[in-house]
Amino acid sequence: MSGDHKHEEGFIPNYLLKELAEKGNENAEKTLAVTKEIEEKRTEVKKNLTTERNIMETSGGTTKRFVYDSENTGEFQRKLARQEGGPSSTDDVVNISYDYCGKTLEYFKQKLNRNSIDGVGMDVISNVHFRTNYNNAIWVGDQLALGDGDGRAFINLGRSIDVVAHEIAHGVTQFVNELEYERQSGALNEHFSDVIGSAVQQFVKGQTAETADWLIGDEIVGPDWPGKALRSMKAPGTAYNGDRQVAHFNDFDPNLPLADDNGGVHYYSGIPNKAFYLTAMKIGTDKAAFLWYTAWHNRGIIHPRATFKEALKAILESAETLVNRGELPRETISFVKNAFEEVGVSTLVPV
Ligand SMILES: [Zn+2]
């Protein structure tokens, strides 16, 4: 073990891949090994990104989409299969990826007033058919890699809108506040990706907070998966048999070993996830997402090691600003307080 647990993981968390590998799924074991390689690649990419970004800032900020076919290899940008404004492909996975990247960008622009992943029009690059039986989808620092799944535990990771939006949102976090991927800050990092994943899914499917199922990863679970999804924002811990997500701060263990899901980033994201769901039920998903997104820019409070309590503080501050501007209903502040109280997080209680 390298001792460095701060890498963001793929859509399928490493702890789940480990569990599947222990049950004899050799594709999960292979996926885990590849995911670790990719995490290292991302660290390199991030180092070089600042200079790249400066170039893009002067290039006019018009986002272009590029979909590459990895042709079941581990290569990035191997064969260009579709690009912005170009003809569609005969491969529907390519077209779906192109469309879903587009829908995510559209949501950012229309509902959050954000210009692409970095805020200044960064191109969106996806690589489909990544490797063989690859049970994951992952943000690599400047592009996406999407596996087809092994057809047993997982299927079609590139064909699911909440997967694509969740992974692209990890890119946004990279530029907005760089929440460290362990313990509470890591759970907030995961949480934000679930918020965006759900909001974009509802946008694409024409759903509301009331009509949505609030499941994460429901479109990618295969016949061997023991449940309906990977996570439930509405009822954390109920997505599948063995779901370890919690829905209340009483169940938060600050001493969980970092080797266990980076200190529980996917277990404890259930706490703010449920608070978001409760808020969205009061003011609507898009307004709640805009509030969270606005709060996430308050870097004085949401620093890279931010806690749930600090997140709540930032959300309340942003709520006040947006209420005063007439962009959110006056009751938003009490809705947010109540939602977080229901999951055991309050500004009054020390964390
Ligand atoms: Zn994630």
Side-chain angles (χ1 to χ4, degrees), residues 1 4-23 28 31-32 35-36 39 135-138 153-154 162-163 166-167 169-170 173 179-198 214-218 220-221 225-278 292 304-312 339-345 349 351:
M1 202 172 295
D4 181 2
H5 299 279
K6 287 172 189 166
H7 297 297
E8 281 158 38
E9 298 175 357
F11 188 82
I12 311 298
N14 289 355
Y15 82 91
L16 274 180
L17 292 170
K18 266 180 229 161
E19 280 177 18
L20 288 167
E22 276 159 21
K23 285 180 195 149
T31 299
L32 194 59
T35 301
K36 288 210 164 120
E39 285 164 8
N135 274 328
N136 226 339
I138 190 161
F154 300 107
D162 64 347
V163 172
H166 175 106
E167 288 308 312
H170 277 309
T173 296
L179 283 161
E180 267 187 39
Y181 206 68
E182 61 177 49
R183 304 202 187 279
Q184 287 189 58
S185 56
L188 288 170
N189 186 325
E190 265 310 306
H191 161 62
F192 184 69
S193 276
D194 279 352
V195 163
I196 298 297
S198 275
W214 292 95
L215 294 171
I216 304 288
D218 52 308
I220 59 152
V221 292
W225 183 253
K228 56 192 176 197
L230 262 75
R231 290 185 286 282
S232 165
M233 293 182 78
K234 181 178 179 174
T238 66
Y240 64 94
N241 191 10
D243 186 350
R244 291 169 68 181
Q245 246 203 342
V246 306
H248 197 281
F249 200 68
N250 283 347
D251 298 315
F252 173 75
D253 175 5
N255 301 314
L256 192 75
L258 284 174
D260 192 357
D261 190 32
N262 291 2
V265 299
H266 295 91
Y267 311 154
Y268 303 132
S269 57
I271 297 165
N273 273 3
K274 184 156 185 201
F276 179 82
Y277 158 77
L278 292 168
W292 255 245
R305 306 274 305 169
T307 62
F308 293 164
K309 189 182 159 179
E310 285 167 325
L312 168 59
F340 274 88
E341 232 159 71
E342 206 166 319
V343 299
V345 179
V349 183
V351 171

Item to complete: Looking only at non-hydrogen atoms, find the nearest pair between I271 and A247 and report the distance.
Response: CG1-C, 4.1 Å
Discussion item. How close do G263 and L256 get, counting heavy atoms only, and between which atoms?
Written reply: C-CD2, 3.6 Å
Worksheet item: Taking atom types as modelled, is there a side-chain donor on H248 or E342 under 3.5 Å from an acceptor on the other?
Response: no
Worksheet item: Ion pair present between R231 and E190, side-chain N to carboxylate O less than 4.0 angstrom?
Response: yes
Worksheet entry | Gap separating the CG atom of L32 from the CG atom of N135, nearest 0.5 angstrom | 11.0 Å
Response to the item:
Contacts of D261 meeting salt bridge (Lys or Arg N to Asp or Glu O under 4.0 Å) (sequence neighbours excluded), chain-then-number -> none
Discussion item. With a 4.5 Å cut-off on side-chain heavy atoms, are F249 and Y268 touching?
Written reply: no
Practice prompt. To the nearest 0.5 Å, tell me how far F276 CZ sits from F340 CZ.
Written response: 10.0 Å
Discussion item. List the residues meeting side-chain contact (heavy atoms from CB on, under 4.5 Å) with D243, not counting sequence neighbours, and say none if there are none.
Written reply: A239, Y240, Q245
Practice prompt. Take N273 and V343 through the test side-chain contact (heavy atoms from CB on, under 4.5 Å) and record every step on the way to the result.
Written response: CA-CA 10 Å; N273 273 3; V343 299; over 6 Å; no
Practice prompt. Indicate the atoms forming the closest heavy-atom contact of L179 with A306, along with that distance.
Written response: CD2-CB, 4.1 Å
Worksheet item: Once you round to the nearest 0.5 Å, how far does CZ of F11 lie from NE2 of H266?
Response: 8.5 Å
Worksheet entry | Under 3.5 Å: donor-acceptor pair, side chain of N262, backbone of Y181 | yes
Worksheet item: Backbone N or O of K228 within a donor-acceptor pair of the D218 side chain at under 3.5 Å?
Response: no
Worksheet item: A339: what forms a side-chain contact (heavy atoms from CB on, under 4.5 Å) with it, not counting sequence neighbours?
Response: A275, L278, T279
Fill in: Sidechain-backbone polar pair: D162 side chain, G217 backbone, donor-acceptor under 3.5 Å
yes
Practice prompt. Determine yes or no for a side-chain-to-main-chain donor-acceptor pair under 3.5 angstrom, with D251 supplying the side chain and V246 the backbone.
Written response: no
Worksheet item: Can you tell me if S193 uses its side chain to pair, donor with acceptor, with the backbone of H166 under 3.5 Å?
Response: yes
Discussion item. If you apply the rule side-chain contact (heavy atoms from CB on, under 4.5 Å), what do you find for S232 with I216, and how did you get there?
Written reply: CA-CA 6 Å; S232 165; I216 304 288; over 6 Å; no
Item to complete: State, with a plain yes or no, whether a side-chain heavy atom of I12 is found less than 4.5 Å away from one of T31.
Response: no
Worksheet item: Does F252 have its ring centroid less than 6.0 Å away from the ring centroid of Y267?
Response: no
Discussion item. Quick check on N250: does its CG atom have over 12 non-hydrogen neighbours (other residues, nucleotides or ligands) under 6.0 Å away?
Written reply: yes
Practice prompt. Measure across R183 and L258 and return the closest heavy-atom pair with its distance rounded to 0.1 Å.
Written response: NH2-CG, 3.5 Å
Fill in: Nearest-0.5 Å distance, OG1 of residue T35 to CG of residue N14
6.0 Å
Item to complete: Please work out which of the three classes, parallel, tilted or perpendicular, describes the rings of W225 and F154, given edges at 30° and 60°.
Response: tilted
Discussion item. If you define the side chain from C-beta out and look only at heavy atoms, does anything of R244 sit under 4.5 Å from E19?
Written reply: yes
Practice prompt. Grab the two heavy atoms, one from A21 and one from A28, that are nearest each other, plus how far apart they are.
Written response: N-CB, 3.9 Å
Worksheet entry | Any donor-acceptor pair under 3.5 Å from S185 side chain to R305 backbone | no
Item to complete: For side-chain contact (heavy atoms from CB on, under 4.5 Å), just list the numbers for K274 and M233, CA-CA rounded to whole Å, side-chain angles, deciding distance to a tenth of an Å, and then say yes or no.
Response: CA-CA 5 Å; K274 184 156 185 201; M233 293 182 78; over 6 Å; no
Worksheet item: From H191 NE2 over to T173 OG1, what is the distance, rounded to the nearest 0.5 angstrom?
Response: 10.0 Å
Worksheet item: CG/N189 to CD/Q184 distance, rounded to the nearest 0.5 angstrom?
Response: 13.5 Å
Worksheet item: Which heavy atom of A153 sits nearest a heavy atom of L20, and at what distance?
Response: CB-CD1, 4.1 Å
